[in-house]
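Proteins come first, then strands; the chains are lettered A, B, ... in the order of their sequence lines, and each starts at number 1.
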Amino acid sequence: MAEKISNRKVFFNPFSKDNPVLVQILGICSVLAVTVKLAPALAMGLSVIAVLAFSNVIISILRKTIPTNIRIIVQLVVVAGLVVIVSQLLQAYAYDVSKQLSVFISLIITNCILMGRLEAFAMANRPWPSFLDGVGNGIGYTIILVSVAFFRELLGSGTLFGFRVVPQALYDAGYVDNGLMILPPMALVVVACIIWVQRSFNKDLQEK
Amino acid sequence: MTVSRLRNYLDRIRPNFEPGGKLQAFHSLYDGMATFLYTPRERSAASGGVQIHDAMDSKRTMIIVVLALMPCFLMGMYNTGYQHWLAAGATEFPFWSLMLYGFLTILPRVAVAYVVGLGIEFAVAQWRREEIQEGFLVTGILVPMICPAETPLWMMAVAVAFSVVFVKEVFGGTGYNVLNVALVARAFLFFAYPASMSGDRVWVATGRPFGFGPAVPDGFSCATPLGQIAIQTEPSAAIEGIGGGSVSLWQAFLGLIPGSFGETSTLCVLIGGVILVAAGIASWRIIVAVVAGALAMGAIAHAAATPVYPAAWLSPADQLLYGGLAFAAVFMATDPVTAARTTTGKWIYGFMIGAVAVIIRVYNNGYPEGAMLAVLLANCFAPLIDWCVVRTNIRRRLNRVKSA
């Protein structure tokens with residue numbers, strides 16, 4: 001390690017200043033796919049936290065024994081194993097959610113955030129900081145997932161976690177849910193807006 | 001002279017709006033109104049600059065486009081009233097009542113589009129300390145013209161706001177947008193509120209604005225010609241107008257068919273096109289290329305028509321008469337900001353719009369009209385087309401140099 005980063009920073013930086021979605025622009029595909037409703041978005045976020053944290057730990061433990069030229073394969077095997085476990089758990093205890101998420105849980109394997117953190121952090125750090133890094137980045141990802149899903153479900157379906165929030169009186173007055181919010185393009189626009197707001201508050205993130 | 005008195009008045013109050021003046025917060029508003037009324041005082045031509053070639057600044061360009069839109073707008077007013085009277089089962093069609101009805105129906109939409117769009121433009125100009133950009137003069141009238149006459153006001157406000165902010169302002173304002181602002185507003189409405197923008201209940205104004213006009217029975221519905229064609233089961237079935245009669249090609253050409261407010265009349269689109277081309281604003285190449293693309297693709301589809309894709313039964317010329325393709329060719333495709341800029345590029349760009357519009361119409365039964373999506377797609381390709389044309393040109397000239 002070139003410089004020692006405090007565990008505190010490792011854990012909290014990904015929340016905003018080094019957010020995997022907003023700053024590293026990783027994992028955009030799943031942000032578009034699973035944020036139509038809040039419940040699946042939250043489940044997806046929790047799954048990613050679990051997979052990311054444990055794969056970081058495992059790779060960190062193995063980091064000195066993994067031959068460099070096949071490290072990607074080893075990382076993939078570890079991630080794939082964890083994803084299968086998470087997927088089975090969801091099917092066993094949260095069947096509806098797992099059906100809504102369908103293929104996207106399996107596709108956590110290809111989520112760029114995982115490979116990014118394994119390559120950039122776990123391969124070079126001890127297990128405990130790697131664990132914190134995994135949880136931190138997972139939470140950073142989940143925050144964005146949930147906030148995007150909040151706007152999309154509220155404006156697109158008029159509900160939050162499946163409960164009707166927009167009052168019936170508004171519908172009677174002619175209000176209609178925005179169908180575009182259900183479609184993936186609006187997820188990009190919402191993410192862009194969140195990035196916009198975040199950059200305007202963080203001067204050091206603004207590009208010249 | 002009242003004209004010079006107004007000019008003098010504007011010049012007199014000008015210092016208040018300059019930095020340090022007591023009303024400097026409203027400088028963009030002042031600039032906007034003053035240059036709207038008169039050509040700007042400072043022009044590079046006067047100071048020996050070379051950037052301005054004639055007296056046309058962008059505000060005056062915009063005003064000519066608005067003038068060219070007027071025939072379509074007036075026809076839209078008449079047709080909105082005409083369709084309403086038909087739907088009400090009337091047998092007499094008093095001209096001025098029809099016009100008044102159409103005017104009262106569309107007026108709130110135009111007002112909302114302008115207030116929301118210009119409001120955002122003024123606010124952004126003020127915030128960035130720039131001059132007001134006048135692009136919205138045209139967009140504000142285009143948006144109501146390409147939507148059903150009774151689009152709910154709040155939906156129009158949301159769509160215009162979305163479009164102006166995310167398509168224009170974030171890219172840097174007028175002249176920097178990649179996509180056509182008015183069309184994105186329509187696309188937003190189309191995808192966000194499909195129930196108010198498609199189907200067979202939205203195309204004829206059934207309301208009574210300010211209590212004017214005859215009442216229309218509840219639950220009235222009438223599909224557009226293209227909407228009817230998309231569900232036909234045999235070739236050359238007649239297209240039904242309101243009240244049972246069939247729609248003749250002549251009516252379609254004049255624009256007496258249900259459809260979006262300003263785009264039904266091919267005749268008025270032609271008049272507008274002549275004005276735009278004569279004024280040197282629209283490129284005739286793009287218009288011709290769109291028509292050629294639509295005719296070519298229409299001919300191919302017509303030759304290979306099957307009952308699976310009923311719209312292919314339309315003859316290629318009919319493709320141009322129905323729906324918004326003619327309007328898109330003249331007023332949307334030729335938008336100088338979003339169109340291709342090289343001469344060859346214009347031909348490719350226009351041809352692509354015509355061909356894709358017919359492809360969407362014919363081969364996607366879910367979308368009876370494809371002109372909007374075709375123009376937006378071609379907008380995305382325009383920079384690439386230009387780039388390829390320029391590269392090819394450079395390569396050809398290099399080869400000539402080498403072989404010489």
Heavy-atom neighbours of A:Trp196 CH2 exceed 12 at 6.0 Å: no
Enclosure of B:Phe166 CZ (heavy-atom neighbours >12, cutoff 6.0 Å): yes
B:Phe162 atom CZ, over 12 foreign heavy atoms within 6.0 Å: yes
Pairs flagged by side chain to side chain donor-acceptor pair (under 3.5 Å) wherever residues 78-96 of chain A is involved - sequence neighbours left out: none
Residue-level interface, residues 163-186 of chain A with chain B, non-hydrogen cut-off under 4.5 Å: A:Gly174, A:Tyr175, A:Val176, A:Asp177, A:Asn178, A:Gly179, A:Leu180, A:Leu183, A:Met186
Chain A neighbours within residues 187-198 of chain B, where any heavy atom lies under 4.5 Å away: B:Phe188, B:Phe191, B:Ala192, B:Tyr193
All side chain to side chain donor-acceptor pair (under 3.5 Å) counterparts of A:Gln100, not counting sequence neighbours: none
